[in-house]
Amino acid sequence: MEKKDLIDCSPVRFFDNVSKAMLKEGEMGLITAKKGLGKTSVLVQFGIDCLLKDKALVHVSFDQHSSNVISWYSSIMAEIAKKKNISNITELTEDIMKNRTILNFNQETFTLPKVVTTVKALNEGGLKTNTVVVDGLDLAKVSKEDLKCFADYVKSEKMTAWFSYTSEASTLKDTLDADKLDVFTTVAHIAAEHTSLGLDLLKNGEGKVNLDSKTLLMVK
């Protein structure tokens, strides 16, 4: 299977088709859920979708080592291969991961403006980042000024960015302060119902995107 064919197999196609809430250039999205319910998996799926399009991805993790992040990408690619009977997935994975940069930071010592400085340096070095994934950041402890600084940079560079945030709130108003929510175009919450998982759209779009309870892939 060719890389361009794999784009159609990306789990993100289900998100796009159901919610119509995919980000445009300069926009940011937020995925919320209680701890351990699948936020990282969803962010990685957005990251892989970027890579499949031959675009550069920067994955910023505030709570996992690089080896764990790499494992997430390998695992998601392997699950996609199983579902689509792709035999050359190892070769395809090695090819697309050339455009992925993983950064690890500690929230106690590294702020979002410093992340902007780091990504800016990567871009000036020739990376030309298209998408940034920010995982494990406690947005409740981030100032609205720092968040706006990051959002302004994403907009100025015509990138997209996906954040995760640990929250059990199932309504938009209870997720974060309104002035912080304003910077996010799309907000979706992962909720568990009996034995199923769903990604509920709280902002920009409507409906629910199902998640496979075993693989955590977005599905019909």
Side-chain angles (χ1 to χ4, degrees), residues 1-33 37-57 59 72-86 88-89 92-93 95-97 99-100 130-135 154-155 158-165 167 169-172 175 181 183-220:
M1 177 176 286
E2 298 290 334
K3 182 166 50 179
K4 58 182 177 60
D5 297 322
L6 197 54
I7 294 174
D8 294 330
C9 300
S10 169
V12 174
R13 297 288 77 73
F14 295 121
F15 180 87
D16 192 18
N17 293 336
V18 172
S19 69
K20 307 299 182 186
M22 279 299 291
L23 301 180
K24 299 180 179 66
E25 290 183 349
E27 295 181 341
M28 303 206 310
L30 176 64
I31 303 297
T32 71
L37 209 56
K39 297 185 297 296
T40 298
S41 173
V42 172
L43 290 192
V44 167
Q45 290 172 66
F46 284 122
I48 288 174
D49 196 62
C50 166
L51 294 170
L52 288 173
K53 298 173 182 176
D54 284 325
K55 296 180 178 180
L57 167 75
H59 185 117
W72 269 108
Y73 278 87
S74 297
S75 175
I76 294 297
M77 287 295 290
E79 292 299 341
I80 293 174
K82 288 179 185 177
K83 285 184 174 293
K84 302 299 180 180
N85 295 317
I86 303 170
N88 61 330
I89 195 64
L92 288 169
T93 300
D95 183 28
I96 69 171
M97 294 309 165
N99 288 327
R100 178 194 63 190
N130 293 97
T131 297
V132 180
V133 166
V134 182
D135 193 22
V154 168
K155 186 175 182 179
K158 297 182 179 180
M159 301 187 298
T160 59
W162 284 99
F163 282 68
S164 69
Y165 176 53
S167 170
S170 58
T171 60
L172 184 64
T175 300
L181 285 172
V183 306
F184 295 104
T185 301
T186 296
V187 179
H189 178 70
I190 302 174
E193 296 180 7
H194 304 295
T195 58
S196 65
L197 291 173
L199 194 57
D200 295 326
L201 273 295
L202 305 182
K203 183 180 180 181
N204 185 31
E206 57 184 23
K208 177 178 180 178
V209 181
N210 294 320
L211 299 180
D212 187 297
S213 58
K214 292 183 179 179
T215 66
L216 297 178
L217 294 182
M218 289 180 267
V219 294
K220 288 183 179 180

Could you measure the distance from the [atom1] atom of [X] to the [atom2] atom of [Y]? Nearest 0.5 Å is fine.
| X | Y | atom1 | atom2 | result |
| --- | --- | --- | --- | --- |
| L201 | L172 | CG | CG | 11.0 Å |
| D135 | W162 | CG | CH2 | 13.0 Å |
| I76 | T93 | CD1 | OG1 | 11.5 Å |
| Y73 | R100 | OH | CZ | 6.5 Å |
| I48 | L43 | CD1 | CG | 11.5 Å |
| K55 | I96 | NZ | CD1 | 14.0 Å |

Quick one: which residue pairs count as a side chain to side chain donor-acceptor pair (under 3.5 Å) with a foot in residues 17-32, not counting sequence neighbours? T32-H189

Is it true that S41 and Q45 share a donor-acceptor pair across their side chains at a distance under 3.5 Å? yes

Side chain to side chain, [X] and [Y], heavy atoms closer than 4.5 Å:
| X | Y | result |
| --- | --- | --- |
| I89 | I80 | no |
| V183 | F163 | no |
| I31 | F46 | yes |
| E79 | D212 | no |
| T215 | K83 | yes |

Which residues share a salt bridge (Lys or Arg N to Asp or Glu O under 4.0 Å) with K158, sequence neighbours left out: none

Write down the atom of [X], the atom of [Y], and the distance for their closest heavy-atom approach.
| X | Y | answer |
| --- | --- | --- |
| G38 | L216 | CA-CD1, 4.0 Å |
| T171 | L202 | C-CD1, 4.1 Å |
| V18 | K208 | CG1-O, 3.4 Å |
| I190 | K39 | CD1-N, 3.8 Å |
| L23 | G29 | CD1-N, 3.5 Å |
| S10 | D49 | OG-OD1, 2.7 Å |

side-chain contact (heavy atoms from CB on, under 4.5 Å), paired with H59, selected from V134, V44, V132: V44

Identified side-chain contact (heavy atoms from CB on, under 4.5 Å) partner of L57 from the options N99, N130, T131: T131

Assess whether atom NZ of K155 is packed by more than 12 heavy atoms of other residues, nucleotides or ligands within 6.0 Å. no

Residues forming a side chain to side chain donor-acceptor pair (under 3.5 Å) with D200, sequence neighbours excluded: none

